[in-house]
Amino acid sequence: MDEVHHWVGSNGGPEFFQTLKRNVEKLAKAGSRWVTTTNAYNPTEDSVAQQIHESEMVRMGLWLYDCLEGDIEPDELRDEARVRQALTEAYGDASWADVDGLTRTILYDRTTPDSTYLRFFCNRIAESSDGWMSKAEWDACYDDKDPIKPGDQIALGFDGSIRGDSTCLVGCRLRDGKLFVLHLQENPRNPNLPDWEVDVLAVEAAVKRAFETYRVEWMYGDPPYWQEALGRWSIEYGDDYVFEFWTNKPTRMVQAVERFRTAAMVKDLLHDGDEDLTRHVLNAVIREVPQGFLITKDSPRSRKKIDAAVSAVLAFEARADAIADGRLKIRRSRVVGF
């Protein structure tokens, strides 16, 4: 099996790998074996290469994972000596490799992202340069010490679909910007379920439960497909609590995306480690528009969804507007002396 760093969920690679591996393992006693070759993988893609590398079978020494990596960091790619050394290490005894030519390319050719040089020239695991958030950056915002509790003041972000994409409701606690997923539905892409649709009643129940469980101070929802529902929620929960937020209006969305990204960089944003939210955030890539940068899927037909990430951006923006409106009430404990 070759180039398994390209075997990702959007092209069915992991499922295909499992089918091949299963059949080989059934005949292992008869001498069947499997082997894969790969370049360094992108750790945000969950490719077959990554799954093998991170497998407990490798850690236990039951599978052989053999790799030569060049010892170089991204900020050293303009240092000729470090680049040459890393290439020499990565190519080992491959005497046919043009180390001089590759060194010049890395140093002076700016038409290729540095992440590509790291992965395909130096054999270093690296994320794509157009990724919105790196795994290390997002993991640094993880917090499990102060869980969300009923009665907490929160803001909500909602991004909905009917069939193709995901539908998600994310909460954000006002006092510390901690994000958590309240509801998520994803199209399973199951050929046996060609008519799959979002369970609207489940969404309605999730919104109702959020308002009943927490002190919801502000809610932003993206209206397409859900404009009527947002109107009803505005009537039921208050038109000064539920608002439309059109994510297809670049100026406003660029500002929200930038606020979220900046907060993550300085740890003014937290999350509870939800795997689905993490997956959607790491799936998002940036797209430049005249107003700045937006987040989007890696391709229009990609199966790698980002709707939870969009909901998180809306929730964080709702939090900012709720605080600006003076809705954050900090409870202070009283000390009584005798």
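Centroid-to-centroid, the aromatic rings of F293 and W132 stay 6.0 Å apart or farther. Aromatic pair Y41/H6: ring centres not closer than 6.0 Å.
The side-chain hydrogen bond (donor to acceptor under 3.5 Å, both in side chains) pairs that include a residue from residues 318-327 are Y220-D321, D325-R327, where partners are two or more places apart or lie in different chains. For residues 89-118, the ring pair (Phe, Tyr, Trp, His ring centres under 6.0 Å) pairs, not counting sequence neighbours, are Y117-F121. Sorted by first and then second residue, the pairs that involve residues 165-185 and meet ring pair (Phe, Tyr, Trp, His ring centres under 6.0 Å), not counting sequence neighbours, are F180-Y214.
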**Verdict with reasoning, K297 to D165, per salt bridge (Lys or Arg N to Asp or Glu O under 4.0 Å)** = CA-CA 11 Å; K297 297 189 293 185; D165 285 322; 3.4 Å; yes
**Request:** Evaluate the salt bridge (Lys or Arg N to Asp or Glu O under 4.0 Å) criterion for residues R173 and D146: first the C-alpha distance (whole Å), next the side-chain angles of each, then the deciding distance (0.1 Å), finally the verdict.
**Result:** CA-CA 11 Å; R173 188 160 58 189; D146 187 8; 3.2 Å; yes
**Asked** Taking it one step at a time, do D152 and K149 satisfy salt bridge (Lys or Arg N to Asp or Glu O under 4.0 Å)?
**Response** CA-CA 6 Å; D152 280 350; K149 299 181 180 66; 5.8 Å; no
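Between L182 and L156, the closest heavy-atom pair is CD1-CD2, 3.3 Å.
Remark: D143 engages K178 in a side chain to side chain donor-acceptor pair (under 3.5 Å) (not counting sequence neighbours). Scored by the salt bridge (charged side-chain N to carboxylate O under 4.0 Å, His left out) test, E217 finds no partners at all (sequence neighbours excluded). Every residue two or more places apart in sequence or in another chain that forms a salt bridge (charged side-chain N to carboxylate O under 4.0 Å, His left out) with D139 is listed here: K135. For R209, there are no salt bridge (charged side-chain N to carboxylate O under 4.0 Å, His left out) partners two or more places apart in sequence or in a different chain. The salt bridge (charged side-chain N to carboxylate O under 4.0 Å, His left out) search around E69 returns R124, not counting sequence neighbours.
Ionic pairing of E317 and R259 is present here: one or more N-O contacts between side-chain nitrogen and carboxylate oxygen are shorter than 4.0 angstrom. Note on R78 versus D114: salt bridge recorded, some NZ/NE/NH1/NH2 to OD/OE distance being below 4.0 Å.
The hydrophobic cluster around L64 extends to none of the other residues, as no ILVMFWY side-chain heavy atom falls under 4.5 Å of it. Members clustered with L270: none, using a 4.5 Å side-chain heavy-atom cutoff among hydrophobic residues.
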Using atom types as modelled, flag every donor-acceptor pair under 3.5 Å from a side chain in residues 12-27 to any protein atom, sequence neighbours excluded.
| residue | atom | partner | partner atom | Å |
| --- | --- | --- | --- | --- |
| T19 | OG1 | E15 | O | 3.1 |
| K21 | NZ | E25 | OE2 | 3.3 |
| N23 | ND2 | T19 | O | 2.7 |

In a table with atom names and distances, give each donor-acceptor pair under 3.5 Å that connects a side chain of residues 221-230 to protein atoms at least two apart or in another chain.
| residue | atom | partner | partner atom | Å |
| --- | --- | --- | --- | --- |
| D222 | OD1 | T247 | N | 3.1 |
| D222 | OD1 | T247 | OG1 | 3.4 |
| D222 | OD2 | T247 | OG1 | 2.8 |
| W226 | NE1 | S161 | O | 3.1 |
| Q227 | NE2 | E244 | OE2 | 3.3 |
| E228 | OE1 | R232 | NE | 3.3 |
| E228 | OE2 | R232 | NE | 2.7 |

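The aromatic rings of W34 and W63 sit perpendicular, their planes meeting at an angle over 60°, well past the 30° parallel limit.
Counted within 6.0 Å of CD on E275, heavy atoms from surrounding residues, nucleotides or ligands total 12 or fewer; the atom is thus considered open.
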